[in-house]
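Read through the structure below, which is laid out as structure tokens, and then see the notes.
Just so we're clear, the structure is a prediction, and the values are computed from it rather than from any experiment. Values below: all heavy atoms of this structure, side chains included; hydrogens, waters and symmetry mates excluded.
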Amino acid sequence: MNCIITGASRGLGKAMAERFAAGGYDLFLCSRDEGRLTATRADLAARYPGITVQSRVVDVADKIQVRAFADWMLHSGITIDVLINNAGQFIPGGVADEPEGALEMLMAVNLYSAYHPTRRLLPAMMTRRSGHIFNICSVASLKAYPNGGAYGITKHALKGFSANLREEMKPHGIKVTAVYPGAAYTDSWAASGIDPQRFMKAEDVAEMIFSASRLSPQAAVEEILLRPQLGDI
């Protein structure tokens with residue numbers, strides 16, 4: 001079994017890589033941070049010697065690079081069992097005052113990074129009539145937040161992509177799940193000064209995704225919504 005994860009060198013992506021490695025999946029990972037990606041690959045390969053861990057440095061905002069990442073897997077001849085479109089970025093600000101170009105940048109990272117590799121991999125999955133695609137959206141896909149600006153817009157777009165893809169793939173035996181995580185404690189929150197106990201654990205999100213991926217072919221989890229016990233931060 002094979003699992004592909006974008007943005008896999010830290011945070012939720014790394015937690016998901018660890019969970020699928022523990023479940024015996026061979027991993028194909030990408031990130032633009034070469035140092036972290038190399039460390040993640042080495043760590044997982046050492047801890048789970050029964051699996052194969054391969055990785056490539058990819059800037060998912062670059063259409064050519066992200067397509068090449070998908071082609072790399074197609075040319076290797078692997079089956080696409082689980083595809084997790086996890087890569088994402090947050091730039092704070094509102095529509096009226098966020099940096100010029102924020103929308104274009106976040107559309108590339110938060111939407112196109114899922115759209116382009118998925119399109120590349122779908123024909124092989126449709127031929128085989130199997131596979132599970134997870135798009136890591138956000139609670140910001142469901143509700144607008146102050147200072148959310150282009151981030152919220154692009155995460156709403158990812159939700160729409162997931163909904164469309166789900167309908168299109170039903171006849172082809174391919175599952176599509178939109179994941180809406182609230183605040184999980186990762187490096188990006190470490191400097192916030194907020195008590196870590198106020199957050200979910202990244203492992204919580206990873207566990208839900210892994211469990212959803214293991215259901216019978218007759219059952220599809222369309223959406224996963226997780227929030228900290230005390231609500232959004």
Would you please test Met16 and Ile136 for side chain to side chain contact (heavy atoms under 4.5 Å, CB included) and show each step?
CA-CA 11 Å; Met16 289 183 278; Ile136 309 304; 4.2 Å; yes
Look at the rings of Tyr112 and His116 and say which category their plane angle falls in: under 30° parallel, 30 to 60° tilted, over 60° perpendicular.
tilted
Test Asp71 against Arg67 for salt bridge (Lys or Arg N to Asp or Glu O under 4.0 Å), laying out the working first.
CA-CA 6 Å; Asp71 288 343; Arg67 281 182 166 181; over 6 Å; no
Taking only residues two or more places apart in sequence, or in another chain, which ones meet Glu98 in a side chain to side chain donor-acceptor pair (under 3.5 Å)?
none
Could you measure the distance from the OG1 atom of Thr177 to the NE2 atom of His132? Nearest 0.5 Å is fine.
2.5 Å
I need the Tyr151 OH to Ser141 OG distance, nearest 0.5 Å.
7.0 Å
Spacing of CG belonging to Leu29 relative to CD belonging to Gln54, to within rounding of 0.5 Å
9.5 Å
One pair to check against side chain to side chain contact (heavy atoms under 4.5 Å, CB included): Ile233 and Phe199. What are the steps and the verdict?
CA-CA 8 Å; Ile233 295 175; Phe199 297 84; 3.4 Å; yes
Tell me the closest heavy-atom pair linking Ile84 and Cys3, and the distance in Å.
CD1-SG, 3.9 Å
Are Arg19 and Glu207 ion-paired here, with the side-chain N under 4.0 Å from a carboxylate O?
yes
Can you see which heavy atom on Gln65 is nearest to which on Val57, and at what distance?
OE1-O, 4.3 Å
Is it true that the NZ or CZ of Arg56 lies under 6.0 Å from the centre of Phe69's six-membered ring and within 45 degrees of the ring axis?
no
Looking only at heavy atoms, what is the nearest atom pair of Val53 and Ala45, with distance?
CG2-N, 4.1 Å
Which value, rounded to the nearest 0.5 Å, describes the distance between Met125 atom CE and Thr79 atom OG1?
9.5 Å
Thinking salt bridges, do Lys175 and Glu222 make one under a 4.0 Å N-O criterion?
no
Find the distance between CG (Asp195) and CG (Leu230) and round it off to the nearest 0.5 Å.
10.0 Å
Quickly, which of Val58, Val66, Asp59 forms a side-chain contact (heavy atoms from CB on, under 4.5 Å) with Cys30? Name it, please.
Val58
To the nearest 0.5 Å, what is the distance between CE on Met107 and CG on Leu158?
10.0 Å
Run through Ile78, Asp26, Leu27 and flag the one making a side-chain contact (heavy atoms from CB on, under 4.5 Å) with Thr52.
Asp26
Would you check if Glu168 and Leu122 make a side-chain contact, meaning some heavy-atom pair closer than 4.5 Å?
no
Under 3.5 Å side-chain donor-acceptor pair for Thr118 and Asn85
yes
